[in-house]
2 protein chains.
Amino acid sequence: MVTLAEVAQHAGVSASTVSYVLSGKRSISASTRQRVERSIRELGYHPNAGARALAGGRSNIIALMIPLRTDMYVPVMMEIAIAVATTARTHGYDVLLLTGEEGPDAVRRVTGSGLADAMILMDVQLDDERLPLLRETRRPSVLIGLPADTAGLTCVDLDWGAAGALCVEHLALLGHRDIAFIGEAPAVYERHTGFAERTLDGLRARARELGLRVLHRPCEAGYDALAVTVARIFDERPGTTGFVVQNESAVEPLLALLRQQGRAVPEDVSVLAVCPEQVAAQASVRLTSVAVPAQEMGRSAVELLAAKLDGRGGQEVALIAPELTVRASTGPAPAAP
Amino acid sequence: MVTLAEVAQHAGVSASTVSYVLSGKRSISASTRQRVERSIRELGYHPNAGARALAGGRSNIIALMIPLRTDMYVPVMMEIAIAVATTARTHGYDVLLLTGEEGPDAVRRVTGSGLADAMILMDVQLDDERLPLLRETRRPSVLIGLPADTAGLTCVDLDWGAAGALCVEHLALLGHRDIAFIGEAPAVYERHTGFAERTLDGLRARARELGLRVLHRPCEAGYDALAVTVARIFDERPGTTGFVVQNESAVEPLLALLRQQGRAVPEDVSVLAVCPEQVAAQASVRLTSVAVPAQEMGRSAVELLAAKLDGRGGQEVALIAPELTVRASTGPAPAAP
DNA sequence: TTGAAAGCGCTAACAT
DNA sequence: ATGTTAGCGCTTTCAA
């Protein structure tokens, strides 16, 4: 293993000079710099991470806590994780992957041991048990998702409330009066996951303002659960002409079911999804959708964190404005029979 | 920040005693141990990761390289990543998440800096450019996926060849003679991804032995691509009665399309998927499938690695035997018209 | 512009 | 069964 001392000797300079060439924290003459860089290359030197962390007081590692459950939006989580990892690298950080399994202890362990300089939390509950710890520690953190109380926290999220409202507005404009909202699995609501509740609230509020009727139905993954849900919806509100879906695993089954029932999309029924662009574009019917900007969320979480680690920027809540893309799954409400 | 020295002082023992209580590497009297443990608890001590890594020569971190692309099997990757992270914790390791982006450089950086003690690589190409580096370094590694030449490497993978063969056997037994294999996107084959090619090879070989005819068609994600692919298949082989699908994003579109064309599953056409159990069980038709054991792959990769790190076990190739579960999507071939 | 040297907090010989 | 101590490889004052 090549050490900094060996590089220094090889280049005929002191250890500190090599260190400063690496960190750029003091000016180095061009010639020295070149000699040092040459030695580094020739010897194949890589600074020891542990020693760096110990001496420098920072590990250059960001911890990312992902949910253990996979009952929702797996591709979204994955996209966020990848965006976090790649963005972190561009800022000189590596990413430590933590699953929710350890719960709050993971926060203690990671901050306490100096394993990571900062953390990003996903799958934030409205009343998340990790929040007190985050507020206590002086290690920077960013939440992807909004808890109920954001005081003293930095958060990034899609403005789900606005997203819900946007869906209603679009359908209202097309003349729909009775709409159904097919949501995530019941468990997601039961554990008070922010995005699910906020979407629902935003959607309901706007619907009330615009005078639309809304039926909200959480829905488990899979075709059968969806079929039962839809049957109940048409049973209770036969006049339903618009569907808003926020449940990736329900999208394709819904389209299949409607097709099977002879309900044309969008002539008889409009379908609007809250999902990643990819899903909307690849569905069997091009879906009008409000995009879940997974990459942007991951990227900007890292950027906020990097800013905090550099002493720039303080806490703030960064809400991403939802965007609705009209595709082929929504159209004017059919004339009442 | 609480240090080991402070704990030692608080407990009235030497630093080394605290260290040994923590590591269990030498016997400690019950009373001292208790005093030390109490001090640790009271002071809220967490060993500094950097100092540990420096002094101990090991970081207790495993690096996991996941593919940057998301053109296939995202849920599988996610499941593997989660399994790796949770299993690693049970062995006392944390997981560093690397994306394929840096390529071979990531291997150099991580092994060179001592950031991680070992690594797990996913998305292995048959002729992967990272392999030479892995063979050079003395840091343990495990591949999830099989390259062409496994000499000197430790690998975990589903026996995809056997999986392909199993699919053919099942269909052959049901009397199918003409089958179509809808595979991953063309790019996946073009970059010689092991699992895709091996499945195809296994499937073709067994088909030849059993006298079945096979049409292999790679397929991009999305409904339209699938529709075109299926149209071509029935065009070239109108007598096709069995489909094998190894492309998660093609499963539901295929079922929808067949339904739409009035081809009943399994009465007119049988469909067999190579996919995670969850996908098979939740599809609009319960799919007969060969499972992709994502969790098991992640778990056993970590276990092989832990064994190597403990000095136990050497290189080996651990192939997981495929299992076929019969559900509702396959049945006897229809009598020829 | 560069060097010397004092730690950072822990582990693991080496003592006792 | 426990204490003493010399590093691990780097960063960063303090000096020149």
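Naming: A, B, ... by sequence-line order, numbering from 1 per chain.
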Spell out, as yes or no, whether a donor-acceptor pair under 3.5 Å connects the side chain of B/S141 to the backbone of B/M119.
-> no
Taking A/R139 for its side chain and A/T111 for its backbone only, find out whether a donor-acceptor pair lies under 3.5 Å.
-> yes
CG of B/D149 to CG of B/L126: how many Å apart, nearest 0.5 Å?
-> 11.0 Å
Measure the shortest side-chain to side-chain distance between A/R109 and B/D94 over non-hydrogen atoms and say whether it is less than 4.5 angstrom.
-> yes
How many angstroms lie between atom CD of A/Q125 and atom CG of A/L131, to the nearest 0.5 angstrom?
-> 9.5 Å
Lys/Arg-Asp/Glu bridge criterion (N-O < 4.0 Å) met for B/E101, A/R89 = no
When you measure from every atom of DNA chain D, which of residues 36-61 of chain B have a heavy atom less than 4.0 Å away?
-> B/L54, B/A55
Identify whether the distance between the nearest side-chain nitrogen and carboxylate oxygen of A/D157 and A/R198 falls below 4.0 Å.
-> no
Taking for each residue the nucleotide of DNA chain C with the nearest heavy atom, is it B/M1 or B/S23 whose nucleotide lies nearer the 5' end?
-> B/M1
Reported CZ-to-CG distance for the pair A/R108 and A/L133, which is rounded to 0.5 angstrom | 4.5 Å
Outer limits of DNA chain C sitting under 4.0 Å from a non-hydrogen atom of chain A, read 5' to 3', are C/dT1 to C/dG9
Sorted by number, residues from residues 108-118 of chain A placing a heavy atom under 4.0 Å from DNA chain C are none
To the nearest 0.5 Å, atom CD1 of A/I62 lies from atom NE2 of A/H91 at 8.5 Å
Strictly by modelled atom types, are A/S19 and A/S16 linked by a side-chain donor-acceptor pair under 3.5 Å?
-> no
Do you see a donor-acceptor pair shorter than 3.5 Å between the side chains of A/T17 and A/S14?
-> yes
Note the angle between the end axes of the helix from C/dT1-D/dA16 to C/dT16-D/dA1, five pairs defining each, rounded to 10 degrees.
-> 30°
From B/L98 atom CG to B/I66 atom CD1, the distance as rounded to the nearest 0.5 Å | 9.0 Å
Interatomic spacing from CG in A/N60 to CG in B/L115 - rounded to 0.5 Å | 9.0 Å
Does any pair with a residue in residues 37-57 of chain A pass salt bridge (charged side-chain N to carboxylate O under 4.0 Å, His left out), and if so which ones, sequence neighbours excluded?
-> A/R33-A/E37, A/R38-A/E42
In whole angstrom, what separates A/L22's CG from D/dC10's C1'?
-> 10 Å
Can B/T87 and B/T90 be counted as having a side-chain donor-acceptor contact under 3.5 angstrom?
-> no
Under 3.5 Å, which protein N or O atoms sit close to an N or O of nucleotides 2-5 of chain D? Give each pair with its distance.
| from | atom 1 | to | atom 2 | distance (Å) |
| --- | --- | --- | --- | --- |
| D/dT2 | OP1 | B/S29 | OG | 2.8 |
| D/dT2 | OP1 | B/T32 | OG1 | 2.6 |
| D/dT2 | OP2 | B/S29 | N | 2.7 |
| D/dT2 | OP2 | B/S29 | OG | 3.2 |
| D/dT2 | OP2 | B/T32 | OG1 | 3.0 |
| D/dT2 | O4 | B/R26 | NH1 | 2.9 |
| D/dG3 | OP2 | B/S14 | N | 2.9 |
| D/dG3 | OP2 | B/S14 | OG | 3.2 |
| D/dG3 | OP2 | B/T17 | OG1 | 2.6 |
| D/dG3 | N7 | B/S16 | OG | 3.3 |
| D/dG3 | N7 | B/R26 | NH2 | 2.8 |
| D/dG3 | O6 | B/R26 | NH1 | 2.7 |
| D/dG3 | O6 | B/R26 | NH2 | 3.3 |
| D/dT4 | O4 | B/S16 | OG | 3.0 |

